[in-house]
Amino acid sequence: PHSTVTMEEGGDVMDILKQIEQSYGRGKFQEAYDLCTSIVDKDMSGCTHYRLGMLHYFGEGAPLDNDKSMEYIRIARPMLEKSAQEGCALSMANLGYLCSEGIDSTRDLPRSIDLYRAAAERGIAKAQFNLALIYKDGEGVEQDYVEAARLFRLAADQGYGQAQGFLGRLYLKGKGVPQDTKEGVRLLELSAEQGNINSQNRLAWLYECGDYGVPKDEEKALRLYRNSAERGDPWAQDTLGGLYSTGCMVQHDDEEAAKWFKLAAAQEWPESQTALAVLHLAGRGVERDTKKAFELLTHAANEGLAIAQYNLGRMYEEGCYVQKDVAEAIKLYELSLVNREVPQALYSLGNLYERGDGVTQDKVKALGMYEEAIELGSVEGEYGLGMMYLTGVPEAGIEKRIKEGIYLIQDSANMGYPRAMMELARMYGEGDMLKEDKSESLHWYAECAKRGLVCDV
C-alpha cells in the first residue's frame with residue numbers, strides 16, 4: 001500500500017522507529033502502519049518487520065491476516081536476534097515479546113524477562129510496561145506491586161498510554177502506591193486522551209457508578225462508552241446495548257440495543273450473543289427468529305457463559321423452539337451452576353427434582369436447592385420455596401406454612417417474577433388463602449402480561 005509518510009518527512013530510520021512505537025502506544029495503529037511501510041526496506045534491525053507482523057496479527061491498522069503476520073515475523077526474528085546482540089534496546093523489547101507470547105516458537109518466559117529488563121534499563125517504554133505487567137501478575141517472578149508501579153511510572157512518564165492506565169488503576173486501589181483517587185483518575189484520563197480503550201472503559205465505569213469516590217457523571221460515562229463502542233470495542237458495545245435495553249442512563253430503545261449487541265456478537269462476545277438471542281425470542285428490536293436465537297445461545301453456551309447455558313437449558317426443558325430434552329436441560333443447568341453464577345438454575349433444577357421430571361423425584365433435595373437459590377438472591381427460588389410451604393413438605397418434616405409461603409410469593413412477585421405474579425393473581429381472584437380481591441387480581445395479571453415471554457427466558 002502507498003505510504004503517507006516519506007523518509008524526508010520522518011527523518012532517519014531510528015527516528016521513525018521511535019515514531020512507530022509512539023503511535024502504536026497511543027493507539028494510532030493506522031499511523032504506525034503507514035510509518036512502517038515507509039521504512040520496511042531500509043530497517044535492518046527487524047523492528048519494522050516485527051511491528052508489521054504484530055499489526056496484522058491483531059488486525060490493528062492492517063487487515064487481520066495470520067499468514068502475513070507470520071511471514072513478517074519469520075523475517076524479523078533473525079534480524080531482531082542480531083540487532084539485540086549488537087545492543088539495540090528496541091530489538092530486545094520486541095524479541096522479549098515474541099519469547100513471552102510464544103508467537104513464532106516455544107514460549108520462553110525467563111528469556112523474555114531478561115530481554116525486557118535489559119531494554120527497560122535502556123529506557124524503552126514498552127519494555128518497562130511489559131516487565132511491570134509481569135511483576136503485577138507475579139508470572140515468572142515474585143509478585144511485587146511496588147516494582148510494578150515503579151516500572152509503570154517510568155513508562156507513563158514517557159507518555160506510554162497503557163502504562164498510564166495501569167498505573168492509574170494501582171492508584172485507585174492503593175496497590176504498590178498510596179491510594180490516591182485524584183491521581184488515579186488523572187492518569188486514566190491521560191491514557192484515555194491517547195485513545196486507550198481500556199482506560200476509556202474504566203473511566204466510563206467509574207463515572208457511571210461513582211466508585212472509588214469519583215463523582216457520578218452519567219453524561220461523561222455515556223460519552224466514553226459510546227466512543228469506545230464506535231471504535232469497535234465489544235465490551236463497550238455490549239455495555240451500551242445493555243444500557244439501551246434497560247433504559248439506564250438513556251431512553252429505552254430495543255432497536256438501538258439490538259444494533260450494539262449485533263456488533264459485539266459479530267466479534268464472538270458471548271454476553272451480547274445471549275442478549276441478542278433473548279431479543280430475537282421476544283421479537284424486541286429485531287425480527288422474531290427462534291432459529292437465530294437458538295444458534296446464538298448455543299454458541300455462547302459452548303463458550304462457557306453460564307447465563308447462556310441456563311437459558312439454553314430452559315429452551316430444552318420447555319421444548320421451546322427445539323425438541324424437548326430434559327436430560328440436556330439438566331446437563332446445561334449443572335454446567336451453569338459450576339461457579340454458582342446463575343441462581344435461577346438452582347430453581348429450575350430444584351423444580352425438576354420436585355416434580356420428578358427427568359430425575360428421581362426428591363422433594364427434600366428440591367427444598368435445599370430453593371433455599372440455596374434464595375441465599376444467592378434468586379426471586380425464582382422464593383417462589384419455589386413459597387409454593388412448597390403452601391402445601392407442606394412431609395418428606396422434610398415441614399408442615400404447611402401458609403403465612404411464610406404467601407410472604408415469599410409476594411416478595412418474588414414484587415421483585416418482578418411472572419410466575420409469582422400469576423399465582424398471586426389466581427389467589428386473589430379465587431380467594432384461595434388470600435381474601436378475594438378482583439382489583440388486586442387484575443393488577444397482578446396485568447403486571448404479569450407486561451413481562452410475559454413465550455418461553456420465559
Side-chain angles (χ1 to χ4, degrees), residues 56-60 63-67 69 197-198 201 225 228-246 253-349 352 358 378 380 453-457:
H56 280 291
Y57 187 81
F58 292 110
E60 297 170 332
L64 184 66
D65 188 331
N66 190 64
D67 290 340
S69 170
I197 286 179
N198 288 333
N201 291 341
Y225 281 139
S228 293
E230 288 175 347
R231 291 176 60 199
D233 181 65
W235 184 87
Q237 291 168 343
D238 179 72
T239 300
L240 203 54
L243 294 177
Y244 278 107
S245 179
T246 59
D253 187 333
D254 283 330
E255 288 188 7
E256 190 70 8
K259 180 185 88 171
W260 293 110
F261 286 143
K262 281 181 181 178
L263 289 170
Q267 298 187 66
E268 308 296 324
W269 200 256
E271 291 83 356
S272 282
Q273 291 171 334
T274 302
L276 187 59
V278 172
L279 292 180
H280 274 299
L281 286 173
R284 290 170 39 206
V286 289
E287 69 279 10
R288 188 174 176 194
D289 188 335
T290 56
K291 181 181 178 183
K292 183 68 174 176
F294 180 76
E295 289 172 354
L296 287 164
L297 282 177
T298 299
H299 191 94
N302 288 339
E303 288 297 309
L305 186 66
I307 189 63
Q309 292 165 340
Y310 165 72
N311 282 333
L312 193 60
R314 289 299 308 276
M315 291 182 77
Y316 276 110
E317 181 190 348
E318 301 294 336
C320 292
Y321 322 120
V322 293
Q323 185 174 351
K324 184 172 180 175
D325 188 338
V326 177
E328 183 66 14
I330 291 171
K331 173 186 167 186
L332 287 160
Y333 290 152
E334 289 175 342
L335 281 173
S336 75
L337 286 168
V338 169
N339 296 313
R340 290 302 193 262
E341 295 176 40
V342 187
Q344 303 98 303
L346 278 166
Y347 163 74
S348 294
L349 200 53
L352 291 174
S378 166
E380 296 87 350
L453 290 177
V454 176
C455 195
D456 186 27
V457 251

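- L296 places none of its side-chain heavy atoms less than 4.5 Å from the side chain of T274.
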Query - Full working for side-chain contact (heavy atoms from CB on, under 4.5 Å) between H299 and E268 - result: CA-CA 9 Å; H299 191 94; E268 308 296 324; 2.5 Å; yes
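- By the 4.5 Å heavy-atom criterion applied to side chains, L346 and R340 are counted as neighbours.
- At a threshold of 4.5 Å between non-hydrogen side-chain atoms, the residues L332 and Y310 do not count as touching.
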Query raised in the report: Run the side-chain contact (heavy atoms from CB on, under 4.5 Å) check on V342 and L337 step by step: do they pass?
Result: CA-CA 6 Å; V342 187; L337 286 168; 5.6 Å; no
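- Between F294 and Y316, the ring planes are perpendicular. Angles over 60° get that label, and only those under 30° would be called parallel.
- Side chain of N302 to backbone of T298: a donor-acceptor contact under 3.5 angstrom is found.
- The CD1 atom of I330 lies 12.0 Å from the CG atom of L335; values are rounded to the nearest 0.5 Å.
- Although no hydrogens or angles enter the test, the distance criterion places a donor-acceptor pair under 3.5 Å between the side chain of H56 and the main chain of P63.
- With rounding to the nearest 0.5 angstrom, the OG atom of S348 is 9.5 Å from the CG atom of N311.
- Residue E287 places its CD atom among more than 12 non-hydrogen atoms of other residues, nucleotides or ligands, all under 6.0 Å distant.
- When all heavy atoms of L64 and F58 are compared, the closest pair comes out as CD1-C, 3.7 Å.
- Note that OG1 of T290 is 11.5 Å distant from CG of L297, once rounded to the nearest 0.5 Å.
- Here W260 contributes atom CH2 and S245 contributes atom OG; the two are 15.0 Å apart, rounded to the nearest 0.5 Å.
- Panel note: side chain T246, backbone G242; a donor-acceptor pair is recorded below 3.5 Å.
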Query raised in the report: For Y333 and R314, what are the C-alpha separation, side-chain angles and deciding distance, and is it a side-chain contact (heavy atoms from CB on, under 4.5 Å)?
Result: CA-CA 8 Å; Y333 290 152; R314 289 299 308 276; 3.1 Å; yes
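- A293 and H280 get closest at one heavy-atom pair: CB-CB, 4.0 Å.
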Query - Residue pair E341, I307: steps toward the side-chain contact (heavy atoms from CB on, under 4.5 Å) verdict - result: CA-CA 8 Å; E341 295 176 40; I307 189 63; over 6 Å; no
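- Expressed to the nearest 0.5 Å, how far CD of E271 lies from CH2 of W235 amounts to 11.0 Å.
- A side-chain donor-acceptor contact under 3.5 Å links Q237 and Q267.
- Separation of atoms CH2 (W269) and CG (D233) is listed at 7.0 Å; rounding is to 0.5 Å.
- Side-chain atoms of R288 come within 3.5 Å of backbone N or O of L281 as a donor-acceptor pair.
- Using a 4.5 Å heavy-atom threshold, the side chains of V286 and K292 count as separate.
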